[in-house]
Amino acid sequence: MRLGILFLLLFFGYEIVAQNSQDSIPVLKEVSVSGNFEKQFLPGNNIILPKAKTLDFYSGENISSVLSQNSSIYFKEYGNGMLTTIAFRGTSASQTAVLWNNFNINSFTLGQTDFSLIPVEAISEISVIPGSGSSMGGNGAFGGAVLLENPLQFKSGHQLSFGQQIGSFGQLNSTLSAHGSNGDWAYSSKLYWGRAENDFEILQTGDKQNNASFDRWGINQNIGYKISPNNTLKLAVWYNDNFREIQPPIGSNRDINEQSDYNLRTHLNYERTEEKSHLNIGTGYFIDEMDYRLNQAVSYFIVNRWESFADFKYHFSSKHQVQLSTRHNHIKAKNQSYEFGSAQEERYSVRALFKGEIFMDIDYAFHLRQQIVPGVTIPISPYIGISTPFFKTTNHQLNLKVNTSYNYRLPTLNDRFWNEAGRPNLNSETSWNKEASLSSQHRWNDIKSMFSITAYHNQVDNWIQWIPDNNSQWRPRNIKKVLARGIETSASVEFPVASELKFEANGQYSYTKSTVQESEGNQNEIGKQLIYTPLHKANASASIIWKEFSIDVFQQRTGKVFTTNSNSEVFALQPFFLTDLGLNWKSNLWHLSAKAQNLFNQEYSLYSGYAMPGRNYQLTIQYKINFKK
């Protein structure tokens, strides 16, 4: 009822403002319909957009491959194609928000996303918001936010695309996609299917990997209708079906160990745009289901969720604007391990965002967000960011960005409702994040270059961890204070070598120091680096492009990773260096590519005890058909 009143207030407030606007309303030439994560309200933040060539190179894989190559993010992968969780800027997997069209798709039982369930083919656009600005994503976005989007473009014309990939270890991937518009209607369809025997050679032992096959299929369908030049509807449906055998640790044999995951994500949006204002109302229905089997033991859960929101944005002038938002989440989970076999929760939030220009090109943004959950204490979440150009000429530009935020993470349903272990009175984790970045862009004749450096400092209090009590019963507790700080750098350059021959190169380096400052559970871990958080990580890529041909090289260097709280050298994962090589030919209709991954056959692990494949190959062919209106 309270949420309905808020929706009505936003809607009628919008109508009043719209009636006071000028009679002459500009007709938008092009409408892009997606989520409502307002990136323009983050002037103090860097936004990472993976390059198109990286998305093409890692087609047929999960988006973790793309993000690992284009950012400081580290992924814990329990074997090839298995459970994959994120570690961003020294935080845990549950402290990164993952949003699809601005709906949070983190598991509400575990509090995190399994990136092995998100193939590159399912998503049109991927972007990353590191640090403070990710607080716009709401609950738990301490390290950052990963944004997955399937926008619609109301441009005339249609395109149909077929893709087929074959690779080592019985890998097969097929894709069918289509998108287009006749002006009033727009659509985007993505259908994907893939499987792999995954019987690669374990470099450490020389044996074949057993019990690691997987197959998946899914569809992501988006349809938009332009009711009038200023009113648009969008319906989106994303269904994902994934089955896998659970890869055992090296040297272990299991009988039956497998898992099935089913995800249904839907939402309906209505958008109305006037000269000075914009209204976006949406609702979505989500189902996450998992069935895990180990011999005769079965673990099953299903989470049903309704989420609705209303956003109203108004431009006071050409330099200042405000956005008011309200959101409601109805969550119902069935889990045999919960005390009463199920759990139900209502979550509400309100938010106000302000953005503008102070003077002399100094941009600012100020956010306030409050979430309300009955029986849970949640602090208000503010954010402030500033961006200003230090120096600007026709060919050179130097920019400074600073921001800070205070955010929180609600305990998961498992933390609070697990039978005989959950603690409903757990405090929310809180984070105070600060960062500053300096970036420069230069152009000398035909040479373009970019360089940026970012320093951040993030303190997390009330860190939740499951530890045994005096009766050896594992329970969640607020026991830690963690300090994550570091430096991230990136650079790129591109220039013509000769006629129709071009060279491009990109590189990133990150230093991440994330240590325990206080701990009630283990005094020996104080001052130690968090597990599965590499101190050093670097990525680089280079391309030589001639007409329709290109040669691409991708490299990753990951430093030592500790796997125990005591930072034992004995059990640490050793540094590794990976090189991937690709050859491409792309025309208006055809795209042919061949790639070799782990070119030098390096032995490495992303999670202790679980093997990853050595050198492997993929061939991909894609054909596009363009239809004009």
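All values derive from a computational prediction rather than experimental measurement.
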*Asks:* Kindly indicate whether a cation-pi arrangement holds for Arg327 with Phe103, taking the cut-offs as under 6.0 Å to the six-membered ring centre and within 45° of the axis.
*Replies:*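 So Arg327 does make the cation-pi contact.
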*Asks:* Phe75 and side chain to side chain contact (heavy atoms under 4.5 Å, CB included): which single residue from Ser68, Ser65, Ser116 fits?
*Replies:*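 The side chain to side chain contact (heavy atoms under 4.5 Å, CB included) with Phe75 is passed solely by Ser68 among Ser68, Ser65, Ser116.
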*Asks:* Could you report the tightest heavy-atom contact between Asn242 and Arg216, atom names first, then the distance?
*Replies:* OD1-CB, 3.4 Å
*Asks:* Is the charged tip of Arg89 near the ring of Tyr456: under 6.0 Å from the six-membered ring centre and within 45° of its axis?
*Replies:*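 Output yes; distance and angle both within limits.
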*Asks:* With side chains defined as the heavy atoms from C-beta onward, is the minimum distance between Leu172 and Gln164 less than 4.5 Å?
*Replies:*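 Touching, per the 4.5 Å side-chain cut-off.
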*Asks:* Under 6.0 Å between ring centres, would you say that holds for Phe41 and Tyr383?
*Replies:*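 Centroid separation for Phe41 and Tyr383: 6.0 Å or greater.
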*Asks:* Excluding sequence neighbours, so at least two apart, what forms side-chain hydrogen bond (donor to acceptor under 3.5 Å, both in side chains) with Trp463?
*Replies:* none
*Asks:* Supply the atom-to-atom distance Arg351 CZ to His367 NE2, rounded to the nearest 0.5 angstrom.
*Replies:* 8.0 Å
*Asks:* Give, for atom CE of Met612 and atom OH of Tyr607, the distance between the pair rounded to the nearest 0.5 Å.
*Replies:* 14.0 Å
*Asks:* Using 4.0 Å as the upper bound for N to carboxylate O, is an ion pair formed by Arg244 and Asp114?
*Replies:* yes
*Asks:* Where is the tightest heavy-atom contact between Leu55 and Pro50, given as atom of each residue plus distance?
*Replies:*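 In terms of heavy atoms, the two residues are closest at CD1-O, 4.4 Å.
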*Asks:* Please answer whether the main-chain N or O of Asn427 pairs with a side-chain N or O of Asn478 as donor and acceptor at a distance below 3.5 Å.
*Replies:*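 Yes, Asn478 side chain to Asn427 backbone: donor-acceptor pair under 3.5 Å.
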*Asks:* If you compare all heavy atoms of Thr283 against all heavy atoms of Ser308, which two are closest, and at what distance to 0.1 Å?
*Replies:* OG1-OG, 2.9 Å
*Asks:* So, applying side chain to side chain contact (heavy atoms under 4.5 Å, CB included) with Val482, which one of Asp461, Leu530, Asn458 is it?
*Replies:*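 Of all the options given, the one that passes is Leu530.
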*Asks:* Evaluate the side-chain proximity of Gln622 to Gln165: yes if any heavy-atom separation is below 4.5 Å, no if none is.
*Replies:*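 Not touching, per the 4.5 Å side-chain cut-off.
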*Asks:* Can you check whether Phe142 reaches Val460 side chain to side chain, under 4.5 Å on heavy atoms?
*Replies:*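 SC-SC contact between Phe142 and Val460 confirmed.
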*Asks:* Which class fits the ring pair Tyr285 and Trp306: parallel under 30°, tilted 30 to 60°, perpendicular over 60°?
*Replies:*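 Tilted: the ring planes of Tyr285 and Trp306 meet at 30° to 60°.
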*Asks:* Compare all side-chain heavy atoms of Ile126 with those of Leu148 and state whether any distance is below 4.5 angstrom.
*Replies:* yes
*Asks:* Could you measure the distance from the CD atom of Glu307 to the OG1 atom of Thr266? Nearest 0.5 Å is fine.
*Replies:* 11.0 Å
*Asks:* For residues Val298 and Gln336, report the shortest heavy-atom separation together with the two atoms involved.
*Replies:* O-NE2, 2.8 Å
*Asks:* Working note: Arg265 + Asp288, criterion side-chain contact (heavy atoms from CB on, under 4.5 Å); need CA distance, chi angles, decisive distance, verdict.
*Replies:* CA-CA 9 Å; Arg265 302 167 179 132; Asp288 295 306; 4.3 Å; yes
*Asks:* What's the separation between atom CD1 in Ile287 and atom NZ in Lys332, rounded to the nearest 0.5 Å?
*Replies:*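 Here the interatomic distance stands at 12.5 Å.
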*Asks:* List the steps and the verdict of side-chain contact (heavy atoms from CB on, under 4.5 Å) for Glu149 and Asn101.
*Replies:* CA-CA 5 Å; Glu149 297 176 281; Asn101 291 344; 3.8 Å; yes
*Asks:* Are Thr109 and Tyr338 packed together at the side-chain level, in the sense that at least one heavy-atom pair is separated by less than 4.5 angstrom?
*Replies:*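 Thr109 vs Tyr338: side chains touch.
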*Asks:* Can you see which heavy atom on Val561 is nearest to which on Thr533, and at what distance?
*Replies:*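 Here Val561 and Thr533 meet closest at CG1-N, 4.1 Å.
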*Asks:* Please name the pair of heavy atoms, one in Asn335 and one in Asn414, separated by the smallest distance, quoted to 0.1 Å.
*Replies:* ND2-OD1, 4.2 Å
*Asks:* If you measure from CG on Asn616 to OG on Ser168, what distance do you get to the nearest 0.5 Å?
*Replies:*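 Interatomic distance, Asn616 CG to Ser168 OG, rounded to 0.5 Å: 5.0 Å.
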*Asks:* Would Ile86 and Val146 count as a side-chain contact (heavy atoms from CB on, under 4.5 Å) here? Give the steps.
*Replies:* CA-CA 10 Å; Ile86 192 171; Val146 178; 4.1 Å; yes
*Asks:* Going through the checks in order, is the side chain to side chain donor-acceptor pair (under 3.5 Å) test met by Asp415 and Thr412?
*Replies:* CA-CA 5 Å; Asp415 291 335; Thr412 66; 3.1 Å; yes
*Asks:* Given Asn269 and His267, is the side chain to side chain donor-acceptor pair (under 3.5 Å) satisfied, shown in steps?
*Replies:* CA-CA 7 Å; Asn269 281 50; His267 71 81; 2.7 Å; yes
*Asks:* Should Ser94 and Ser92 be marked as a side chain to side chain donor-acceptor pair (under 3.5 Å) after you check the CA-CA gap, both sets of side-chain angles, and the distance that decides it?
*Replies:* CA-CA 5 Å; Ser94 56; Ser92 71; 3.2 Å; yes
*Asks:* Checking side-chain contact (heavy atoms from CB on, under 4.5 Å) for the pair Ser349/Arg369: CA distance, chi angles, key distance, verdict?
*Replies:* CA-CA 7 Å; Ser349 68; Arg369 184 177 189 275; 3.8 Å; yes
*Asks:* With a 4.5 Å heavy-atom cut-off, do Tyr406 and Ser381 have their side chains touching?
*Replies:* no
*Asks:* Using a 4.5 Å cut-off on heavy atoms from C-beta on, say whether the side chain of Asn70 contacts that of Asn539.
*Replies:*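 In short, these two side chains do not touch, never coming nearer than 4.5 Å.
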*Asks:* For residues Phe88 and Thr91, determine if any side-chain heavy atom of one lies less than 4.5 Å from a side-chain heavy atom of the other.
*Replies:* yes
*Asks:* Drop me the distance from Thr84's OG1 to Gln112's CD, to the nearest 0.5 angstrom.
*Replies:*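 That separation rounds to 11.0 Å.
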*Asks:* Using side chain to side chain donor-acceptor pair (under 3.5 Å), reason through Glu289 and Tyr300 one step at a time and then give a plain yes or no.
*Replies:* CA-CA 8 Å; Glu289 186 176 2; Tyr300 173 84; 2.6 Å; yes
*Asks:* Is there a donor-acceptor contact under 3.5 Å linking the side chains of Tyr610 and Asn80?
*Replies:*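 Distance-only check fails for Tyr610 and Asn80.
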*Asks:* Within a radius of less than 6.0 Å around CH2 of Trp432, do more than 12 heavy atoms belonging to other residues, nucleotides or ligands occur?
*Replies:* no
*Asks:* Does Gln296 have more than 12 heavy atoms from other residues, nucleotides or ligands lying within 6.0 Å of its CD?
*Replies:*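 No, not enclosed.
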